[in-house]
Amino acid sequence: MSEHTQVKMTEMNYDADRPAAENPVKIMDLSLRDGHQSLFATRGRTEDMIPVAELMDEVGFWAVETWGGATFDTMHRFLNEDPWERIRTLKRYFKKTPFSMLLRAQNLVGYRNYADDLAEAFVERAAENGMDIFRTFDALNDYRNFETVVKGIKKAGKHFQGCICYTMTEPRLGGDVYNLDYFINKAKDLESMGADSICIKDMAGLIAPYDAYNLIKALKENVKAPIHLHSHFTSGMSPMSHLKAIEAGVDIIDTCMTPYAYRTSHAAIEPLVMTLIGTNRDTGFNIRKLAEINEIFEKEIMPKYKHLLDDSKVSIIDINVLLHQTPGGMLSNLVNQLREMDALDKIGEVYKELPRVRRDLGQIPLVTPTSQIVGIQTVNNVLFDDENERYKMITGQVKDLCYGLYGKTAVPINADVQKKALKGYARGEEPITCRPAEVLEPELEKAKEEIGDLAKDIDDQVLYAIYPVTGKKFLKWKYGVETPPKEVLPRTMEDVKKDDELVKKAKAGLLVEKPGKEDVPEKGEATRTFNVFVDGDYFEVEVDEPGGAPVIAYQAPAAGAVPAPAADAVPAPAAAPAPAPAAPGPQQRLPPPNRRLPPRQQRLPRQQPQMWRGHRSRPPCPA
């Protein structure tokens, strides 16, 4: 239980320039990377970071996380932004605060292990472009996947922060696998690799306050490197866990600015600053400056992204994490998979099957990419297995995992599942035990040949090597070979105002609901387009006559009939008896629009007074 030995009360001082605390808690801000990745799908643009960059540089953060994780992917794929350029641009505004990135070890910023030559080039270019701290993690906590990138980080003289992915097999810390000893041993492994700091990476917000206290205290007693706690808010426990970690002596905490905080993101910095004033762990931050930054976020930036926020629930806490230990992103993927297969009613079975699959696959932590591996296989089992056979459909990623391409799992993979997965596997039916990247062929030179002159420098080549399809498309946009689609263009405040006006009109009942399209008939060949002008408004309408195309009926002239007199002719003297009505002539269908007219000699006589356009069943008028 807490001993409250690490926090001491001091004189209360609210001044912005108050003396530094004896042992201030250091803060890394995640708003510009994990904040928008967690809340609005990593769609934050560089241009919306610049307005707050210089102010954030004055706060006194230990570091700001600006890059890595999913940013590299989404920037070039969805935002038409060069990921490398973001580092260089923001560096011009952050003069003194170090930059941090999330590096997925041998996965780099992608979703598989890449060859060593590409990993070396990526780290070198990230350091050269301005990255200072490399927060490095592996989804299996297999630190053999650190070896190549750590050499590069050290060679560049940068800060290597080693992560331990926090996961559990029990409702709380403990059990046979992920217990206190497991985390202490992992921390010692990282220290032996030269870690400049060690991070507990709690990606699903699972760490409970008293477990945080015990874990941080144990790590402080067993390793010398500074301890950093990264805990998502998802379960709602992280602010309490932060406080207990501070009491246990944690050195660095991750938070976000308030507009980027909570839900599946992180706890906000402002309440923590106020909480610690008057203690020996005071951050020293000026809360008025934080408020100034928040106002810019709220008024000038967040309105552009509010349409991306998940407003499907009122609650900001996802209790599924407490019940099933399923991270928020993984849960939404499971739901989408089931919905696409019209099987959403099986979500309960998925919850039951998920821990079984995870156990079969070696109790792996649930974080990118292992959360997707376990999630997709779980859905397959629920949908296709029967009482006689399990794992009827095994995914390629599960086969790779069973072969050892992702690394070594915390406990052995179920032998029967592994044997079934590797039957006929292209790389071989015997799993490897070596470092995974040792079986991968070099890939950077091959990528250079493939992309050719479209890549202008090494940064372009590395981007293409990691993302061949979307990377090539982005390079075409970048160098004007293709025009970017409007979907990748930024949203402006003018767009926001237009949307807000529409919402106001809708609430006021001034918008007419568009009718459903279920009963719309198919267009016929004779559909014609008209421009309609009403009170200065312009509408384009299409008209299609039901029952077929319009027709022309006419009366053929009687044999020897005299053409009608010209308008200025002298009227005929006495009226002769009117001739009997002529028999209706043959009906003629009007040619559809754009259809070539018949030769002139075949057209109807211009003087035909009997010509009538109408429905074919209507009799022609008498002459």
Side-chain angles (χ1 to χ4, degrees), residues 32-33 36-37 39-51 53 66-93 101 108-111 114 118 121-122 125-126 128-130 300-309 336 443-444 446-502 514 517 523 529 531 538-540 542 594:
L32 306 184
R33 203 285 297 177
H36 66 98
Q37 180 170 324
L39 294 186
F40 44 94
T42 334
R43 296 300 197 270
R45 291 179 179 272
T46 305
E47 65 181 31
D48 291 325
M49 300 174 184
I50 292 174
T66 54
W67 211 62
T71 59
F72 198 90
D73 182 3
T74 56
M75 285 180 71
H76 82 275
R77 187 194 300 255
F78 300 116
L79 307 180
N80 189 26
E81 281 195 39
D82 187 336
W84 304 104
E85 184 59 38
R86 173 171 292 179
I87 310 176
R88 297 191 292 266
T89 299
L90 292 180
K91 268 290 179 181
R92 294 198 286 270
Y93 297 89
M101 73 162 291
L108 304 179
V109 285
Y111 304 97
Y114 296 95
L118 182 54
F122 178 84
R125 293 310 306 157
E128 185 67 25
N129 275 287
E300 301 178 20
I301 297 171
M302 290 304 290
K304 300 178 185 177
Y305 301 102
K306 62 184 178 183
H307 65 293
L308 297 172
L309 298 174
N336 285 335
E443 38 189 328
L444 186 55
K446 182 184 174 187
K448 289 179 180 177
E449 292 178 11
E450 288 176 351
I451 194 62
D453 294 338
L454 186 57
K456 305 302 182 189
D457 55 30
I458 182 64
D459 290 348
D460 288 345
Q461 291 165 342
V462 170
L463 187 152
Y464 170 77
I466 298 174
Y467 289 100
V469 177
T470 55
K472 185 174 184 179
K473 181 177 290 186
F474 167 73
L475 293 177
K476 288 182 178 178
W477 297 342
K478 179 180 177 181
Y479 294 114
V481 178
E482 289 183 359
T483 303
K486 63 179 182 181
E487 291 78 14
V488 303
L489 300 179
R491 180 175 161 87
T492 67
M493 287 301 290
E494 287 301 314
D495 298 327
V496 174
K497 289 177 182 176
K498 288 178 182 176
D499 285 353
D500 288 345
E501 286 300 317
L502 285 177
K514 191 174 182 180
K517 297 182 178 179
K523 292 181 183 177
T529 303
N531 294 331
Y538 158 70
F539 305 90
E540 184 178 283
E542 291 181 320
N594 302 322

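The residues of the chain are indexed from 1 along the displayed sequence.
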Would you name the heavy atoms of A41 and T74 that are closest together and state the gap between them? O-CG2, 4.0 Å
Does any non-hydrogen side-chain atom of T46 lie less than 4.5 Å from one of M75? yes
Working to the nearest 0.5 angstrom, can you tell me the gap between T42 OG1 and D73 CG? 8.5 Å
Do the charged groups of K446 and E443 touch, with an N to O distance under 4.0 Å? no
I'd like to check the salt bridge (Lys or Arg N to Asp or Glu O under 4.0 Å) partners of D500; sequence neighbours left out, ordered by chain and number. K306
Are side-chain heavy atoms of H307 and R491 found at a separation under 4.5 Å? yes
Taking all heavy atoms of A121 and all of V462, pick out the closest pair and write down the distance. CB-CG2, 4.2 Å
Please name the residue in the list Y114, W84, Y467 that meets the ring-ring contact (aromatic ring centres under 6.0 Å, His included) test with F122. W84
Could you check whether R43 makes a cation-pi contact with F78, meaning its NZ or CZ is under 6.0 Å from the centre of the six-membered ring and within 45° of the ring axis? yes
List the steps and the verdict of side-chain contact (heavy atoms from CB on, under 4.5 Å) for F40 and M302. CA-CA 10 Å; F40 44 94; M302 290 304 290; 3.8 Å; yes
Does the pair I458 and K448 meet the rule for a side-chain contact (heavy atoms from CB on, under 4.5 Å), with working shown? CA-CA 9 Å; I458 182 64; K448 289 179 180 177; 4.1 Å; yes
Any chance you could measure E542, atom CD, to T529, atom OG1, to the nearest 0.5 Å? 4.5 Å
Short side-chain to backbone donor-acceptor contact, H76 and F474, under 3.5 Å: no
Heavy atoms, side chains only, cut-off 4.5 Å: are K91 and R88 in contact? no
Let me see the working for I87 and M101 under side-chain contact (heavy atoms from CB on, under 4.5 Å), right down to the final yes or no. CA-CA 10 Å; I87 310 176; M101 73 162 291; over 6 Å; no
Are more than 12 heavy atoms, taken from residues, nucleotides or ligands other than E128, located less than 6.0 Å from that residue's CD atom? no
Compile the donor-acceptor pairs under 3.5 Å between side chains in residues 479-490 and protein atoms, sequence neighbours left out, one pair per line.
residue : atom : partner : partner atom : Å
Y479    : OH   : D460    : OD2          : 2.5

Rounded to the nearest 0.5 angstrom, the CE-CG distance for M493 and D495 is 10.0 Å
Going from CG on D48 to NE2 on H36, what distance comes out if it is rounded to the nearest 0.5 angstrom? 10.0 Å
Taking all heavy atoms of Q461 and all of A455, pick out the closest pair and write down the distance. CG-CB, 3.7 Å
Would you say the side-chain atoms of Q37 pair up with the backbone N or O of A70, donor to acceptor, closer than 3.5 Å? yes
Heavy-atom closest pair (P303 atom, V496 atom, distance to 0.1 Å) is O-CG2, 3.5 Å
Quick one: closest heavy-atom pair of W67 and R86, and the distance? CD1-CD, 4.5 Å
Would you give the length of the straight line joining atom CG of L454 to atom NZ of K478, rounded to the nearest 0.5 angstrom? 9.5 Å
Any side-chain heavy atom of R33 within less than 4.5 Å of one from T66? no
Which atom pair, heavy atoms only, marks the closest approach of G471 to L463? CA-CD2, 3.3 Å
Carefully, step by step, assess E501 and K498 under the rule salt bridge (Lys or Arg N to Asp or Glu O under 4.0 Å). CA-CA 5 Å; E501 286 300 317; K498 288 178 182 176; over 6 Å; no
L108 and F72, any side-chain heavy atoms less than 4.5 Å apart: no
